[in-house]
There are 2 protein chains.
Amino acid sequence: MDKPIGWELYRSFLAVLREASLSGAARDLGVAQPTIGRHIAALEKSLGLTLFTRSQSGLAPTEAALELRSHAEAMHSSAAALRRAAESHGDGVKGTVRVTASEVIGCEVLPPLLAALKATHPLLTVELVVSNRVQDLLRREADIAVRMTAPRQELLVARRVGQVELGLHAHPHYLQRCGTPRSLDDLPRHALIGHDEETPFLRAAKKTLPAWQRRAFAFRCDSDLAQLALIRAGAGIGVCQVALARREPRLVRVLARSFSLKLETWLTMHEDLRKSPHCKVTFDALFAGLQQHVG
Amino acid sequence: MDKPIGWELYRSFLAVLREASLSGAARDLGVAQPTIGRHIAALEKSLGLTLFTRSQSGLAPTEAALELRSHAEAMHSSAAALRRAAESHGDGVKGTVRVTASEVIGCEVLPPLLAALKATHPLLTVELVVSNRVQDLLRREADIAVRMTAPRQELLVARRVGQVELGLHAHPHYLQRCGTPRSLDDLPRHALIGHDEETPFLRAAKKTLPAWQRRAFAFRCDSDLAQLALIRAGAGIGVCQVALARREPRLVRVLARSFSLKLETWLTMHEDLRKSPHCKVTFDALFAGLQQHVG
DNA sequence: GCTTATCCATACAAATCTGTATAGCTGCCA
DNA sequence: TGGCAGCTATACAGATTTGTATGGATAAGC
């Protein structure tokens, strides 16, 4: 009851939390379902807590289990980081680097950069975490992050890429069909594409763009990528990166003088990784590529 | 070679790094020595790296092993934090809280505060990490930290306690024997107690106290605690907290007008722990006690 | 209402991991 | 130089853990 707990138990615990079932966790870890069941039972006994309420449709975590989850996740991140570090050990650019970025950056901007990087360094493996949630570099959820806010944490190497400019855009087809707005007053008559839930961005946009509010949107969507797709499909007028609009299919910027938003863009990396050739090479390549992207 | 690695292996790996031998690690973890040997062999095979060079006097970590160490330490911290969280789960003040502070604060100031805290909350267990190295709260090396610098990290709850004043002190016996310095010019004729290695503090002191340099010290010692003990033993004149000097054995402050250094003191805690009653109670108790200490 | 697909729990055999005992090596000290 | 203490590596028996197979119970789909 008071002796140290094997780390395997924590591993199984996290898997059950993620899969919400013993069977799923067993599949995930590549072991049999009774094994996981025994691990959870042993962990519960050692901790003196009930971690899950059993049911036929799976296991529901108790409040206690939820409190412990973040620690198990931290262990998982560290284990993954250890493996990446091991794979990348030695001279030369090889191994795995884990990059995180927002959905738009990750899907629209990074792929060609990463492809070119891989072509130059064939032994490099890239893990791309596309998420609007800010990953924690200190907990090693990623090695390198593209961020839209200046990092305030210590222990991080941060380099400012520049400003990403956002503007209102529409597809030529749409403008042909519905006309081009000449002033902000025209906007309410157009099909607007915006977010469903209130975001920091939305609050910022409202200041310069009073018409930009939820009830005015003809399309409400929280995925920036889907919004971009809607704009490209000629669904209406929406906000996207000016640099992206220049690509094919070519989008037309509207009301450029009335609306412009600039986001600070930073590339960050954990200090320890400066010595790893593969991380450094990736960092430099992304920096150059992103800088070119922001113009 | 490419399948997931059991977390037990990492646990053994860290133990070997810490003990620098298979036998020591086995003792540490409470298993047999061949078990650890097999774990290391399995880990080396899985990672495709040589982690240690075997010898009859123990295992010497390779460069690769040293690179991986911090990740394993992070796993260890998270595992320990998980256990503390589990022990402390539920209503009421119980479980374990891990507090870190400098040597002087930890040995001279905190003990009575912690004793009183424990008397009020009998179910509380306290882990006190006395170290001048700044523990990483984000990696959960501790729950609560007393720090002498304003924290710049996010995700931390920080509260300013006040300023700890440092001054020159000596025991009455010493002053009887060797006289009391009347001005800074008298200092070179006295037995001075100072640090052996250059520290940020020493560099700061030099500015207001030109005489305060390494070659002028009669006693050189890097332990702040031992310096305090030397002062109390009447060995000479040294720097210590004004608040501490008022205790028994009573120390006399000298050259108070010529030398005074004030250190900002902060109490910090991870944001997540605000909801844990035992951490909150400890935080508040330490805050009150420290504030009284700094006056 | 029946079938099917999941899920958890249990029993037993098999595989794995662990501990004990021992040998071989090195460094230290008298 | 001999004895002691510490370390690693190996062989083999024992204990623990794991996997397979199965039963029971629930929920969804036809």
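Note that these values count all heavy atoms, side chains included, but never hydrogens, waters or copies made by symmetry. Just so it is clear, the structure is predicted and the values come from calculations on it, not from any experiment. Per chain, numbering begins at 1; letters A, B, ... match sequence-line order.
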Whole angstroms only, please: what is the CG-P distance between B:Leu29 and C:dC17?
17 Å
Under 4.0 Å between a Lys/Arg side-chain N and an Asp/Glu carboxylate O for B:Lys280 and B:Glu271?
no
Comparing B:Pro34 with A:Pro34, nearest DNA chain D nucleotide closer to 5' gives the residue B:Pro34
Rounded interatomic separation in angstrom, taking CD1 from B:Ile36 and C1' from C:dG19
12 Å
Mapping B:Gly30 and A:Ser23 onto DNA chain C by nearest heavy atom, which one lands closer to the 5' end?
A:Ser23
What closest approach, in Å, do B:Ser12 and B:His39 show between heavy atoms, and which atom pair accounts for it?
OG-ND1, 2.6 Å
Selected nucleotide, minimal atom distance to A:Ser21 side chain, candidates D:dG19, C:dC8, D:dT8
C:dC8
Would you check, one step at a time, whether the test salt bridge (charged side-chain N to carboxylate O under 4.0 Å, His left out) holds for B:Glu141 with B:Arg84?
CA-CA 11 Å; B:Glu141 290 179 276; B:Arg84 289 201 301 279; over 6 Å; no
Rounded to the Å, how far apart are A:Leu22 CG and D:dG19 P?
14 Å
Of the listed nucleotides (C:dG19, C:dA9, D:dT8), which one gets closest to any side-chain atom of B:Ala32?
C:dG19
In this structure, how many angstroms lie between the P atom of D:dC7 and the CZ atom of B:Arg54, rounded?
15 Å
Given A:Asp272 and A:Arg140, is the salt bridge (charged side-chain N to carboxylate O under 4.0 Å, His left out) satisfied, shown in steps?
CA-CA 11 Å; A:Asp272 294 353; A:Arg140 294 301 173 83; 3.2 Å; yes
A:Leu59 has an atom CG; how far is it from atom C1' of C:dA9, in whole Å?
12 Å
Test log, rule salt bridge (charged side-chain N to carboxylate O under 4.0 Å, His left out), inputs A:Arg232 and A:Glu108
CA-CA 13 Å; A:Arg232 282 177 174 154; A:Glu108 297 283 336; 3.2 Å; yes
The side chain to side chain contact (heavy atoms under 4.5 Å, CB included) partners of A:His195 (sequence neighbours excluded) come to A:Thr199, A:Phe201, A:Asp222, A:Asp224, A:Gln227
Between atom CD in B:Gln33 and atom P in C:dC25, what is the gap in whole Å?
16 Å
Looking at A:Gln213, I'd like to know if its CD atom is crowded, meaning that more than 12 non-hydrogen atoms belonging to other residues, nucleotides or ligands lie closer than 6.0 Å.
yes
So, with a heavy-atom separation below 4.0 Å from DNA chain C, the residues of residues 6-15 of chain A are none
OP1 or OP2 of D:dT18 under 4.0 Å from side-chain N/O of A:His39:
yes
In whole angstroms, the gap separating C1' of D:dT8 from CZ of B:Phe52 amounts to 14 Å
Does either side chain, that of B:Ser88 or that of B:His278, offer a donor lying less than 3.5 Å from an acceptor on the other one?
yes
Upstream residue (5' side of DNA chain C) when B:Thr35 and A:Gly24 are each assigned their closest nucleotide:
A:Gly24
Euclidean distance, atom CZ of residue B:Arg27 to atom C1' of D:dA5 [Å, nearest integer]:
12 Å
Set out, line by line, the N/O atom pairs under 3.5 Å between protein and nucleotides 12-15 of chain D.
none

When you compare the side chains of B:Glu87 and B:Thr96, does any donor N or O come within less than 3.5 Å of an acceptor on the partner?
yes
